[in-house]
K.L.:
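First the structure, then my questions, so here it is.
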Amino acid sequence: MSAVRVALFATCFNDTMWPSTPKAVVTLLERLGCRVEFPRAQTCCGQMFTNTGYAAEAIPLVRSFVDVFASYDAVVVPSGSCTGSIREQHAGLARRAADPGLEAAVGEVVPKVYELTEFLVDVLGVTDVGAYFPHRVTYHPTCHSLRMIRVGDRPLRLLRAVRGIDLVELPAAEECCGFGGTFAMKNADVSVAMGADKARHVRETGAEVLVAGDNSCLAHIGGLLHRQRAGVRTLHLAEVLAATEEDGE
């Protein structure tokens, strides 16, 4: 696998707000023998525009995405939400642009885009990544990873193989946390009510750490847990999988 050129698509919100997550992806993939590159010209996948009705504004971002990542054998994304946007929205945006060249480029690049756990399990063929994380953990499957790109039990298989971990099941795990991007702003009361339910279920597990594959959802749930003084921290799955005994976790 070391001969394969793997590109990291950090996502704009991770790059801006949670840079430790893409850094953890690089650490993890390099430990597994991959040659990872971070194309500096990458920007946003366009989901924020597309989801709010600004399709025309999203098309330049689709062009940029395929231009930046066309030469790579695989593109790894630490976000089910952004992976879902690339797979489900880019082709439609390319058709809207009425640009056959862009449609062809999207058709070439999108099949090479993998959410992190898909890449680890399906491409590298590993579930034990050599991680060590001696904490009580519960896992929240985010909506896009669960329903749109259907990662299934891949994240749980990876977590179960982590040494030292005490992995506990989250009640009503498949219920939405209520974030949903702009949904949380447009429907704040509903969003907070859904998030409160999720936070209550997290507290019921007695977990020290809530893990998920999308930092946006973790920010929403984590904010509620913090206000409740629950003593539960949030952490992206990549950072758990990148942790080793040498890190002193």
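By convention here, the first residue in the shown sequence is residue 1.
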K.L.:
Can you sort out the partners of T52 under side chain to side chain donor-acceptor pair (under 3.5 Å), two or more places apart, ordered by chain and number?
P.N.:
none
K.L.:
Going by side chain to side chain donor-acceptor pair (under 3.5 Å), name the residues that satisfy it together with D197, two or more places apart in sequence or in a different chain.
P.N.:
R200
K.L.:
Are the side chain of K198 and the backbone N or O of A173 linked by a donor-acceptor pair below 3.5 Å?
P.N.:
yes
K.L.:
Which ILVMFWY residues can you reach from L224 by hopping between side chains whose heavy atoms are under 4.5 Å apart?
P.N.:
V192
K.L.:
Taking D214 for its side chain and S79 for its backbone only, find out whether a donor-acceptor pair lies under 3.5 Å.
P.N.:
no
K.L.:
May I ask you to check whether over 12 heavy atoms, not counting those of M48, lie within 6.0 Å of atom CE?
P.N.:
no
K.L.:
Which residue pairs pass the salt bridge (Lys or Arg N to Asp or Glu O under 4.0 Å) test with at least one member in residues 126-151, sequence neighbours excluded?
P.N.:
R136-D166
K.L.:
Who else is in Y54's hydrophobic cluster (ILVMFWY, side-chain heavy atoms under 4.5 Å, direct or via others)?
P.N.:
F49, L61
K.L.:
Not counting sequence neighbours, list each pair that qualifies as a salt bridge (Lys or Arg N to Asp or Glu O under 4.0 Å) and has a residue in residues 37-54.
P.N.:
R5-E37, R35-E37
K.L.:
For R160, what residues pass the salt bridge (charged side-chain N to carboxylate O under 4.0 Å, His left out) criterion, not counting sequence neighbours?
P.N.:
none
K.L.:
So, the side chain of T16 versus the backbone of C12: is there a donor-acceptor pair under 3.5 Å, distance only?
P.N.:
yes
K.L.:
Counting only N and O atoms by type, is there a donor-acceptor contact under 3.5 Å from the side chain of H236 to the main-chain atoms of P78?
P.N.:
yes
K.L.:
Take T83 and Y114 through the side chain to side chain contact (heavy atoms under 4.5 Å, CB included) test and state the conclusion after the steps.
P.N.:
CA-CA 7 Å; T83 303; Y114 298 91; over 6 Å; no
K.L.:
Pairing donors with acceptors under 3.5 angstrom, does anything connect the side chains of S145 and E115?
P.N.:
no
K.L.:
Tell me if a side-chain donor or acceptor on E88 pairs with a main-chain N or O of S85 at a distance below 3.5 Å.
P.N.:
no
K.L.:
Please give me the minimum heavy-atom distance between G130 and R163, naming the atom from each residue.
P.N.:
O-NH2, 4.0 Å
K.L.:
Sequence neighbours left out, what pairs pass salt bridge (Lys or Arg N to Asp or Glu O under 4.0 Å) with at least one residue falling in residues 11-32?
P.N.:
none
K.L.:
Is there any salt bridge (Lys or Arg N to Asp or Glu O under 4.0 Å) pair reaching into residues 49-71, and which pairs are they, with sequence neighbours excluded?
P.N.:
R63-D99
K.L.:
With distance as the sole test, does E118 use its side chain to make a donor-acceptor pair with the main-chain N or O of V151 at under 3.5 Å?
P.N.:
no
K.L.:
According to the side-chain hydrogen bond (donor to acceptor under 3.5 Å, both in side chains) rule, which pairs have a member within residues 101-113, sequence neighbours left out?
P.N.:
none
K.L.:
Working note: T205 + E169, criterion side-chain hydrogen bond (donor to acceptor under 3.5 Å, both in side chains); need CA distance, chi angles, decisive distance, verdict.
P.N.:
CA-CA 7 Å; T205 68; E169 183 176 353; over 6 Å; no
K.L.:
Could you list the cluster mates of M17? Members are the ILVMFWY residues connected by side-chain heavy atoms closer than 4.5 Å, either directly or through other members.
P.N.:
F13, W18
K.L.:
To which residues is I59 joined in a hydrophobic cluster, defined by side-chain heavy-atom contacts under 4.5 Å among Ile, Leu, Val, Met, Phe, Trp and Tyr, whether direct or through other members?
P.N.:
F9, V62, F65, V66, V68, F69, Y72, V75, V77, I86, L93, L102, V106, V109, V110, V113
K.L.:
Run the side chain to side chain contact (heavy atoms under 4.5 Å, CB included) check on V76 and V36 step by step: do they pass?
P.N.:
CA-CA 9 Å; V76 177; V36 187; over 6 Å; no
